[in-house]
Amino acid sequence: MPLEKRYNRLLTKGKKFKNAMLMIAYRAESALFNVMGEYYKNNEKDGRMLLREIFLTHADLLPDYKERH
């Protein structure tokens with residue numbers, strides 16, 4: 001096989017790492033979904049969609065101590 005077409009083992013390690021990160025993220029989302037069910041009436045219907053919107057929303061993480069925000 002030509003050198004540029006050889007199988008690269010780093011791709012396998014990278015794929016495993018990516019899959020591990022996806023599993024961690026999904027489990028964290030599922031945990032939030034389960035907790036949210038106690039407080040959100042329509043959780044079963046659109047709870048994951050609401051979480052997705054929360055995750056994609058931009059946030060200002062620097063507190064404004066003067067305005068108490």
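These numbers were taken from a predicted model, which means no experiment stands behind them.
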F17 atom CZ, neighbour heavy-atom count above 12 within 6.0 Å
no

Can you give me every donor-acceptor pair (side chain of residues 31-49, partner residue at least two apart or in another chain, under 3.5 Å) with its distance?
{"residue": "N34", "atom": "ND2", "partner": "S30", "partner atom": "O", "Å": "3.2"}
{"residue": "Y40", "atom": "OH", "partner": "D46", "partner atom": "OD1", "Å": "3.2"}
{"residue": "N43", "atom": "ND2", "partner": "F33", "partner atom": "O", "Å": "2.9"}
{"residue": "R48", "atom": "NH1", "partner": "E29", "partner atom": "OE2", "Å": "3.0"}
{"residue": "R48", "atom": "NH2", "partner": "S30", "partner atom": "OG", "Å": "3.2"}

Student check: side-chain heavy atoms of R27 and I24 closer than 4.5 Å:
no

